[in-house]
Asker: 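One structure coming up, written as structure tokens, with questions to follow.
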Amino acid sequence: MITLETLCVRIGNVPADEVQGWIDSDWLRPEGVRGHYLFREIDEARARLILELRDDMGINDEGMPVVLSLLDQLYAARRQMLRLREAISVPRDDELRSRVRALLASMHD
């Protein structure tokens with residue numbers, strides 16, 4: 001885990017007050033309390049994503065919550081699909097597995 005100061009340097013010397021704004025807007029959710037935040041690797045990746053969305057894709061402060069929410073939903077759906085794939089790949093009841101595969105195949109249509 002890293003501090004706010006270290007995060008700011010790692011993501012491109014972003015001012016700490018800017019990152020604090022992301023935290024205040026709930027775009028970034030570190031552990032700890034104001035003045036004593038600790039950031040995980042996933043927080044650093046999200047901070048880089050925020051910068052990319054803003055700087056490279058032109059997402060403004062009003063659009064950022066919408067875009068981040070949609071990406072969070074997409075990542076959550078992806079994790080659910082991976083768990084479902086793992087669940088149906090385990091040899092169990094062939095009829096159940098066949099029904100789930102048929103249901104998934106029908107979702108593509």
Asker: Would you call Leu74 and Arg78 a side-chain contact if the rule is heavy atoms closer than 4.5 Å?
Answerer: no
Asker: Counting C-beta onward and ignoring hydrogens, is there a side-chain heavy-atom pair between Asp24 and Gln20 closer than 4.5 Å?
Answerer: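 Touching, per the 4.5 Å side-chain cut-off.
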Asker: Honestly curious: do Leu68 and Tyr75 fall in one hydrophobic cluster under the side-chain, below-4.5 Å linking rule?
Answerer: yes
Asker: Please determine if Arg48 and Glu44 form a salt bridge, counting it only when a charged side-chain N lies under 4.0 Å from a carboxylate O.
Answerer: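 Looking at Glu44 together with Arg48, the answer is yes, because their closest N to O distance falls below 4.0 Å.
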Asker: Give, for atom CG of Leu7 and atom OH of Tyr37, the distance between the pair rounded to the nearest 0.5 Å.
Answerer: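 Going from CG on Leu7 over to OH on Tyr37, the span is 12.0 Å.
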Asker: With distance as the sole test, does Asp43 use its side chain to make a donor-acceptor pair with the main-chain N or O of Arg40 at under 3.5 Å?
Answerer: yes
Asker: Is there a donor-acceptor pair closer than 3.5 Å between any side-chain N or O of Arg46 and the backbone N or O of Trp27?
Answerer: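 Yes, Arg46 side chain to Trp27 backbone: donor-acceptor pair under 3.5 Å.
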Asker: Assigning hydrophobic clusters by single linkage (Ile, Leu, Val, Met, Phe, Trp, Tyr; side-chain heavy-atom cutoff under 4.5 Å), is Met64 placed with Met57?
Answerer: yes
Asker: Is there a donor-acceptor pair closer than 3.5 Å between any side-chain N or O of Arg10 and the backbone N or O of Ile2?
Answerer: no
Asker: Count the heavy atoms of every other residue, nucleotide or ligand shown that sit under 6.0 Å from CD1 of Ile42, and state whether that count exceeds 12.
Answerer: no
Asker: Does Ser25 use its side chain to pair, donor to acceptor, with the backbone of Gly21 at less than 3.5 Å?
Answerer: yes
Asker: With clusters defined by side-chain heavy atoms of hydrophobic residues (ILVMFWY) lying less than 4.5 Å apart, directly or transitively, does Ile11 cluster with Leu71?
Answerer: yes
